[in-house]
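Worksheet: the structure to be examined is printed underneath.
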Amino acid sequence: PDCIEKLMSPVMADATIEMVMGNYSILAENGCQVKRFEQPIEKDQEEFASLAVVRDYYFDRRGFYVYAWNKLIKKDFIVKHQLYFKEGMKWEDYLWTFFVVKHLCHLYVVADITYIYYKRPRSITTKANRKEKALYMGMAYAGIANEFTPGEREREAKRFVKGFCFCYVEDSRNPMFTQASKLYMDALAGSNCTKERLLLKTTITLSKFGLTSNLLQLGARIIERIS
């Protein structure tokens, strides 16, 4: 009941904060069993006061989740940078968050649980089949590739290429995915992108012969170990 107060508390002390992000729990139904998961946030509270450190936190994946919910954001920040959701998409959070961290210069994270997410078996996202999810997630990954940040293309491509590969496998003939694969390949041209580039090349090549997501998962693990 006090979630808004907990998220607002840092802003009341420092009005330059652009976003406050809280912790969350997932309550998932498994027959009659309910399991509780919590997003791991390392400290009771943590502050990131520059674009560089915010982006490092995001790319390190230590606790910056991509979901739009449970984030208190300045309206002026949203309007200034035109941070609106793309119409007609599901899982649009991934693309939206990518654009947010292009501009976010002051983030505050609190470890208090301020959101409870209930996973329901017949919700819009839960009931989606694999191909539908691959289509919408692929749209997000393609959108990211089309808007890679100058000077950060390599780091961004390394972050998202694995997810993109799983979407590509499901619909390798989709022109949108074909175009995006070229953008990812170009961004991964550096010498320290060997395993990511190998994964993408393998995905593109073997998709012609019926590569499945299960085989891709196995291949990704093998490439990770070899690299």
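Values below: all heavy atoms of this structure, side chains included; hydrogens, waters and symmetry mates excluded.
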Using modelled atom types only, decide if a donor and an acceptor are shared between the side chain of T114 and the backbone of C3 within a distance under 3.5 Å.
no
Between Y184 and Y141, is there a donor-acceptor pair closer than 3.5 Å when you use the side chain of the first and the backbone of the second?
yes
Would you say M89 and F85 make side-chain contact, with heavy atoms under 4.5 Å?
no
Please report the C-alpha distance between Y115 and Y67 in whole Å, then the side-chain angles of each, then the deciding distance to 0.1 Å, and finally whether the ring-ring contact (aromatic ring centres under 6.0 Å, His included) criterion is met.
CA-CA 12 Å; Y115 191 89; Y67 313 114; 9.2 Å; no
Ion pair R155/E152, N-O distance below 4.0 Å
yes
Report yes or no: does N23 contribute a side-chain atom to a donor-acceptor pair with the main-chain N or O of A111 at less than 3.5 Å?
yes
Distance flag, aromatic centroids of W69 and Y117, threshold under 6.0 Å
yes
Donor-acceptor contacts, no H, no angles, side chain residues 72-83, under 3.5 Å, sequence neighbours left out:
residue: K74; atom: NZ; partner: A15; partner atom: O; Å: 2.4
residue: H81; atom: ND1; partner: H103; partner atom: ND1; Å: 3.3
residue: Q82; atom: NE2; partner: V79; partner atom: O; Å: 2.8

Between the side chain of R153 and the main-chain N/O of F148, is any donor-acceptor distance below 3.5 Å?
no
Answer yes or no: is there a side-chain heavy-atom contact under 4.5 Å between L107 and E46?
no
Using a cut-off of 6.0 Å, state whether more than 12 heavy atoms not belonging to F99 lie near its atom CZ.
yes
With a 4.5 Å heavy-atom cut-off, do Y168 and L200 have their side chains touching?
no
Verdict with supporting geometry, M139 and L95, side chain to side chain contact (heavy atoms under 4.5 Å, CB included):
CA-CA 9 Å; M139 289 172 63; L95 185 59; over 6 Å; no
Indicate yes or no for a side-chain donor-acceptor contact from R55 to the backbone of S50 under 3.5 Å, with no hydrogens or angles considered.
no
Measure from the side-chain N and O atoms of E156 to the backbone N and O of T149, and report whether any donor-acceptor pair falls under 3.5 Å.
yes
Give me each pair satisfying salt bridge (charged side-chain N to carboxylate O under 4.0 Å, His left out) with a member in residues 5-28, each pair once, sequence neighbours excluded.
D2-K6, K6-D112
If the plane angle is over 60° it's perpendicular, under 30° parallel, otherwise tilted; pick one for F177 and F164.
perpendicular
Determine, for F98 and R159, whether the Lys NZ or Arg CZ falls below 6.0 Å from the six-membered ring centre while staying within 45 degrees of the axis.
no
Do Y65 and Y24 have ring centroids that are under 6.0 Å from one another?
yes
Flag side-chain contact, heavy atom, 4.5 Å: M21 against L7
no
Polar side-chain atom of D186 near backbone of K182 as donor-acceptor pair, under 3.5 Å
no
Quick one, T97 with F64, criterion side chain to side chain contact (heavy atoms under 4.5 Å, CB included). Give me CA distance, side-chain angles, the key distance, then yes/no.
CA-CA 10 Å; T97 301; F64 197 131; 3.8 Å; yes
Looking at K90, is its backbone amide N or carbonyl O close enough to the side chain of K133 to form a donor-acceptor pair, meaning the two atoms are under 3.5 Å apart?
no
